[in-house]
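Each remark here refers to the structure printed beneath this line.
Values reported hereafter were calculated over all heavy atoms of this structure, with side chains retained and with hydrogens, waters and symmetry mates removed. Every number for a ligand or one of its atoms is a count from 1 in the order of the listing. For reference, positions follow the sequence shown, starting with 1.
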Amino acid sequence: MKKQKILIIGAGLSGSLLALRLAKKGYKVDLRESRKDLRVTDISAGKSINLAFSDRGIKALTLAGVIDKVMSICIPMKGRLIHNIDETTFFSPYSGRGDKHINSISRGDLNGILMNEAEKLPNLKITFESECKKVNLKKNIAHFYNHKTNSKDKIKADIIFGTDGAGSSLRKSMFKQREILFSFSQQWLKHGYKELSFPATENGEFSTEKNALHIWPRGTYMLIALPNLDGSFTVTLFLPHNEGKYSFESLNSSEKVKNFFKEQFPDALKLMPDLIKDFNENPVGALGTIKCSPYSYKGKTLLIGDAAHAVVPFYGQGMNASFEDVTVLFKYIDKYEGDWQKIFSEYEKERKKDADAIGDLAVENYYEMRDYVANDLFKKKRQLEMKLEDEFDEYNSKYSMVTFNDDIPYSKAILVGNAQDKAFLNLVEDGIVDENTSVKDLFNKVKQKTKEILDDDKTAHLE
Ligand SMILES: Cc1cc2nc3c(=O)[nH]c(=O)nc-3n(C[C@H](O)[C@H](O)[C@H](O)COP(=O)(O)OP(=O)(O)OC[C@H]3O[C@@H](n4cnc5c(N)ncnc54)[C@H](O)[C@@H]3O)c2cc1C
């Protein structure tokens, strides 16, 4: 057993994974969670019931030795099933390579698996209803309030990790420590979200296509649906808080809600017997991007996951990126074992630019999902792009780089992916390529044009 004592604040997705890996390495781990144990209490995590889980997350959970258990609760989603307002649909695969897909997974079940595996280790203890109020960074002491016993306690640890999500108490304590010169930004979207549902049919079956992520893109708002193992779908409405013809503020009666769905999402409405109940009972969540720096303080504390970089959910990467944080951190823990100052500074050097990039990519994808996916030019480009992925191993769409290529850092995916998208759209719009262009010719033209754009960006110092 290693002598150093590690405190982890927050037993959500990233905290549970980090705790499991550190305990497996022999550290004594004290994992604290403000909420009740979600494995025995029916509590909503306060946000999405299910999540899109993909390659970066899969890699992290493989390294933790839990992937078989996790894959057994996944539902593959092979592409987007787009629902038009006239109730027609079209399928847009996530990749031109048939075997590539993302997965729908229950947040609670996944978190439960990670906690169960972590608790099997004798050198790890999880304490629930223990809320961190602040951290004294100079003394490395965290102050907690225990909601079960209504008492306060404090813990001194050698290393303190903040995996306590977007409202991180450790991050707030770092912000208040003037000498750190802590930079922090939080950008809210004008859209919020509300969770609704399609129940399973009377026979317990799925009421619509199971192996797809369903999208109803409507320009300034959209609906999405992801499948659950019990045959239901979790449906999320993204809508402005209080702007435009339709907003959470303006949909202030059951009749208005029903009419909005009848007009905008008629096929979805047929699968939503509980629409009004769900709409009235479920809260409106806010969506924002958090960036901050530094992530660490004097080799003693480190922010991981949403605590360091909350992102909007439109690339399905927040959790995957948080899991990838743990993968990258362990690269340096294995290399510089015991030298936490070096580990944290090398980690941050690598990770900060990638975390910022996924934050930006997620905001960009917000426009793509709610609007462009239904646009003819975009559809044409996407079809040609799938042909290239099918034919050439070295071609990856931006979506594939982000989702299916864990060896491509997010910062590279945004740079190359955006140049490639621009090149592709220009070539299609100018009629230089179309469905009659040979794949070889298409590949060469896209490659050449992408290179030109990247060279221009370099000259203009945009990269
Ligand atoms: C609507 C929505 C949809 C999403 N969809 C996806 C998706 O499809 N794919 C994807 O990859 N990501 C998705 N995400 C993002 C994903 O949910 C987060 O990135 C992920 O949960 C981050 O994990 P985390 O462990 O860092 O933080 P969290 O999951 O927020 O966990 C933090 C934990 O710390 C606890 N805690 C908080 N404060 C304290 C405290 N003071 N003391 C002790 N404990 C504390 C909390 O109770 C919680 O258990 C989505 C997010 C939203 C909002």
>> Closer than 4.0 angstrom, basic N to acidic O: yes or no for Lys36 and Glu129?
In response: no
> So which bit of Thr163 gets within less than 4.0 Å of ligand 1, heavy atoms only: side chain, backbone, both or neither?
Replying inline: backbone
>> In this structure, does ligand 1 have an atom that sits under 4.0 Å from one of the heavy atoms of Ala310?
In response: no
>> Would you say Thr234 and Asn228 are linked by a side-chain donor-acceptor pair, where the criterion is simply a distance under 3.5 Å?
In response: yes
> Taking the minimum heavy-atom distance to atom 5 (N) of ligand 1, which of Leu51, Leu31, Leu17 ranks first?
Replying inline: Leu51
> According to the interplanar angle, ranging from 0 to 90°, do the rings of Trp216 and Phe265 count as parallel (below 30°), tilted (30 to 60°) or perpendicular (above 60°)?
Replying inline: perpendicular
> Looking at Ile9, which atoms of ligand 1 are within less than 4.0 Å of one of its heavy atoms?
Replying inline: 42 (N), 43 (C)
> Taking the non-hydrogen atoms of Ser322, is any one of them nearer than 4.0 angstrom to ligand 1?
Replying inline: yes
> So does Glu389 pair up with Lys100, basic N to acidic O under 4.0 Å?
Replying inline: no
>> One thing to verify: whether Lys125 and Glu119 come together as a salt bridge, which I'm taking to mean a side-chain N less than 4.0 angstrom from a carboxylate O.
In response: no
> Taking N or O atoms only and a 3.5 Å limit, does Arg35 qualify as a polar contact for ligand 1?
Replying inline: yes
> Which atoms of ligand 1 are found less than 4.0 Å from any heavy atom of Ser169?
Replying inline: 41 (N)
> Can Glu348 and Lys353 be counted as an ion pair, charged N to O under 4.0 angstrom?
Replying inline: no
> Salt bridge check: are Asp354 and Lys352 linked by an N-O gap of less than 4.0 Å?
Replying inline: no
> Short N/O distance, under 3.5 Å, between Glu33 and ligand 1?
Replying inline: yes
>> Does only the side chain of Ser54 get under 4.0 Å from ligand 1, or the backbone, or both, or neither? Count heavy atoms.
In response: neither
> Cationic tip of Arg21 within the cone over Phe330's six-membered ring, i.e. under 6.0 Å and within 45° of the normal?
Replying inline: yes
>> Filter on salt bridge (Lys or Arg N to Asp or Glu O under 4.0 Å), then keep only pairs touching residues 309-330, sequence neighbours left out; what's left?
In response: Arg56-Glu324, Glu324-Arg351, Asp325-Arg351
> What orientation do Tyr145 and His147 show, parallel under 30°, tilted 30 to 60°, or perpendicular over 60°?
Replying inline: perpendicular
> Quick one: which ligand 1 atoms are inside 4.0 Å of a heavy atom on Gly165?
Replying inline: 27 (O), 30 (O), 32 (C)
>> Looking at non-hydrogen atoms alone, which of Pro313, Ala362, Cys132 comes nearest to atom 41 (N) of ligand 1?
In response: Cys132
>> Can you tell me which portion of Arg107 lies within the under-4.0 Å heavy-atom range of ligand 1? Options are side chain, backbone, both, or neither.
In response: side chain
> Given the side-chain rings of His83 and Phe90, with only the six-membered ring counted for Trp, is the space between their centroids under 6.0 Å?
Replying inline: no
> Hey, does Met319 come in under 3.5 Å of ligand 1, counting only N/O atoms on both sides?
Replying inline: yes
>> When you compare ligand 1 with Glu131, is there at least one nitrogen or oxygen pair between them that comes in under 3.5 angstrom?
In response: no
> Is the closest N or O pair between Phe144 and ligand 1 shorter than 3.5 Å?
Replying inline: no
>> Give me each pair satisfying salt bridge (Lys or Arg N to Asp or Glu O under 4.0 Å) with a member in residues 268-285, each pair once, sequence neighbours excluded.
In response: Glu87-Lys270, Lys277-Glu281
> Numbering the atoms of ligand 1 from 1, which are under 4.0 Å from a heavy atom of Gly305?
Replying inline: 26 (O)
> Taking distance alone, with no angle check, do Asp306 and ligand 1 share an N/O pair under 3.5 Å?
Replying inline: yes
>> Out of all atoms in ligand 1, which are within 4.0 Å of some heavy atom of Gly12? Include the element for each.
In response: 25 (O), 31 (O), 33 (C), 49 (O)
> Against heavy atoms of Ala52, which atoms of ligand 1 measure under 4.0 Å?
Replying inline: 7 (C), 8 (O), 9 (N), 10 (C), 11 (O)
>> Would you call the rings of Tyr295 and Tyr347 parallel, tilted or perpendicular, taking 30° and 60° as the class edges?
In response: tilted
>> Any nitrogen or oxygen of Leu13, side chain or backbone, less than 3.5 Å from one on ligand 1?
In response: yes
> With a cut-off of 4.0 Å, which atoms of ligand 1 are near a heavy atom of Gln317?
Replying inline: 9 (N), 10 (C), 11 (O)
